[in-house]
Amino acid sequence: MDDRQRYDRATAHLEPPFAVLDLAALRANAADMTRRARGKPIRVASKSIRSRPVLQRILAMDGYTGTMAYTLPEALWLASTGLRDILVAYPTADRTAMTRLTTDPRAAREITLMVDRTDHLDLIETATAGLRDRHEIRLCLDVDAGYTALGGRLRAGALRSPVRDADQAADLAADIAKRPGLRLTGVMAYEAQIAGVGDDPPGHPLTARAIRWMQARSRRELILRRGRIVQAVRQFADLEFVNGGGTGSLATTTREKAVTELTAGSGFYHPRLFDFYRGFTGRPAALFALPVVRRPAPGVATVLGGGYTASGTPGPDRLPQPYLPCGLRYDPREGAGEVQTPLIGQPAEDLRLGDRVWFRHAKAGELCERFATLHLIDGDEIVDEVPTYRGEGRTFL
C-alpha cells in the first residue's frame, strides 16, 4: 500500500479540508536528527510544531530536551501547562507578559528571554520596576551568526543581532552582570545561512555551487568567532548553555566545542523547503488534504482552498506542493487560490469530484495556523486527534 492509499484509507471517514501527521515519518525524522547531533541535546523549536501535544510527544523522545518558543506569551502558556526549560528565541517588547514573568516564580525559573542590546535590558527593567515579589529574569545573548565578505558588501544570513564580535558580546554581558534582577544564562548564535538554506536547489547548478561555497566558508569563520565570543562572555557569566544550529546544520554545528546544545524544528515535519539539502533526506510527515470540487476542463481538477502561502521572500517556492497524486502542478496563471485552486497535469485527468489531493506546506509550523486539529496516522489508521495552537484558542502571531 503506497502513502496515498494509506492516507486515503485512514481518513476515509473525514471530510476535507483537514491536516494529518504521519507518526512513522515523524519518528524516523526525529531519529535521523539525533543521529546527526551525535549525542548533543536538541532543543525543539515550537514555531515549527505549533501543537502542544506533538511538542510533548517529541520531548519524550531520547535526545530532545527544552523548547525554543517564539513569543513570551507563548512561553508563559507552555510553562503553565508543565513544559520546562523554555528559551524565547526572539526579543520581546510585551510589558504585560514581562510583568507576568517576573511575578510568577515557576515561569521565571523555566523561561529565558532573548536580548541583543542594552535597550532590551532597559525595557525589561522599566516594565518590571516597582513590582513586589519580583523574581530574577534569565537572559540569553543573541549573537549575529551571519557570514560577511568583501568588506561587508556580501552578506548571507538572517538580520538578527547587532552583536557580532567578542568585544561587543563581552560589553553587553558586563552590563547585564551589573544589573540586579537580571542574570545571563545562555548564548545563542543561529546560522540561518547554513541551517535554513538548502544547498541543492533543483535545476540551478551554479546557484548550488555558490551556496556551498558560502556555507563552507561561513562554517569555518563561525567556528572561530563563536568560540571567541563564548570565551569572552564566560568572564562575566556562568553560562548554562550555548545554543546553535538548526535542522540543516546539525551534523556540522555539533562538532563545535563551544556549542552545548542544538535546535531543530522543521526537520520533524519535513516541509517542502527542506527537500533541497544534500546532507540528509527526511520523510514528509505533515500534510493537508483538499477535496476536488470542480472539473472545469479536460486535464484540470480544481480543489477547494489551497492558498496557504508560507512566509519569506515571495516566490513559487513559498506555495504548498501538490504532493499526492504525484505529478500535479499549478496553473501558472492562477497558482494557489484563496478559495479554489485549479491543478493540471496527467493525474488531474483521473481525479473525480470528492477525491482528495494531498499537499505539503512549504514551511513547517505555519500549516497549523490553518487547522484546529492534527489527525495522527500510524500505518493506515488514525490513532489520535490532537489540537494545534489554534485549536486550543491560541494565536500568538
Side-chain angles (χ1 to χ4, degrees), residues 43-56 59 65-143 158-163 172-173 175-177 179-188 190 237 240-241 243 263 265 311 364-366 368-369 372 387-397:
R43 188 179 291 273
V44 183
S46 65
K47 78 177 183 67
S48 299
I49 307 300
R50 302 198 203 195
S51 168
R52 190 168 55 86
V54 177
L55 268 174
Q56 293 168 330
L59 288 169
T65 179
T67 303
M68 180 175 284
Y70 54 90
T71 72
L72 179 53
E74 178 209 13
L76 289 165
W77 175 60
L78 292 176
S80 73
T81 66
L83 267 66
R84 304 185 61 187
D85 186 12
I86 305 168
L87 172 63
V88 183
Y90 306 89
T92 184
D94 189 326
R95 292 172 173 81
T96 301
M98 283 188 275
T99 298
R100 289 177 55 199
L101 173 65
T102 200
T103 55
D104 182 338
R106 188 182 191 285
R109 185 171 62 250
E110 301 297 344
I111 295 173
T112 303
L113 298 186
M114 193 65 64
V115 297
D116 62 33
R117 59 190 305 122
T118 57
D119 291 352
H120 287 141
L121 310 181
D122 296 339
L123 180 61
I124 293 170
E125 289 187 329
T126 300
T128 59
L131 294 176
R132 301 177 65 180
D133 300 321
R134 175 180 171 180
H135 296 275
E136 184 178 62
I137 294 180
R138 297 164 51 88
L139 301 179
C140 177
L141 174 57
D142 196 0
V143 173
L159 289 168
R160 293 176 65 103
S161 169
V163 178
L172 188 52
D175 192 353
I176 295 171
R179 302 193 186 214
L182 302 181
R183 180 163 64 96
L184 183 60
T185 61
V187 170
M188 184 180 85
Y190 171 55
E240 297 176 11
F241 65 90
N243 181 279
T263 295
S311 61
E366 293 178 17
C368 290
E369 298 297 343
T388 62
Y389 280 10
R390 176 180 175 179
E392 293 199 70
R394 307 284 175 167
T395 52
F396 297 106
L397 285 177

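Just so it is clear, the model here is predicted, and its values are computed rather than measured. The figures here come from the full heavy-atom set of this structure, side chains too, leaving out hydrogens, waters and symmetry mates.
By the side chain to side chain contact (heavy atoms under 4.5 Å, CB included) test, A173 pairs with L184, V233, F236, sequence neighbours left out. Applying the side chain to side chain contact (heavy atoms under 4.5 Å, CB included) criterion to R95, with sequence neighbours excluded, gives M98, L123, A127. With sequence neighbours excluded, no residue forms a salt bridge (Lys or Arg N to Asp or Glu O under 4.0 Å) with E74. When the side chain to side chain contact (heavy atoms under 4.5 Å, CB included) test is applied to A97, the partners found at least two apart in sequence or on another chain are L72, P73, L76, D94. Taking the salt bridge (Lys or Arg N to Asp or Glu O under 4.0 Å) definition, one finds that R50 meets it with E369, sequence neighbours left out. Looking at residues two or more places apart in sequence or on another chain, you find a ring pair (Phe, Tyr, Trp, His ring centres under 6.0 Å) between F396 and W77, Y389.
Without hydrogens or angle criteria, E136 side chain to R183 main chain gives no donor-acceptor distance under 3.5 Å.
For the atom pair L87 CG and M188 CE, the distance stands at 6.5 Å (nearest 0.5 Å). One finds the SG atom of C140 at 10.5 Å from the CD atom of E240 (value rounded to the nearest 0.5 Å). Atom OG1 of T102 is separated from atom CD of E125 by 11.0 Å, given to the nearest 0.5 angstrom. A distance of 8.0 Å separates OG1 of T81 from CD of E392, quoted to the nearest 0.5 Å. Within the model, atoms CG of N243 and CG of L141 stand 12.0 Å from one another, a figure rounded to the nearest 0.5 Å.
Between R179 and D122 a salt bridge is recorded (basic side-chain N to carboxylate O distance below 4.0 Å).
Between I111 and L78, every side-chain heavy-atom pair lies at or beyond the 4.5 Å cut-off.
The one candidate from T65, D85, T67 that meets the side chain to side chain donor-acceptor pair (under 3.5 Å) condition with R43 is D85.
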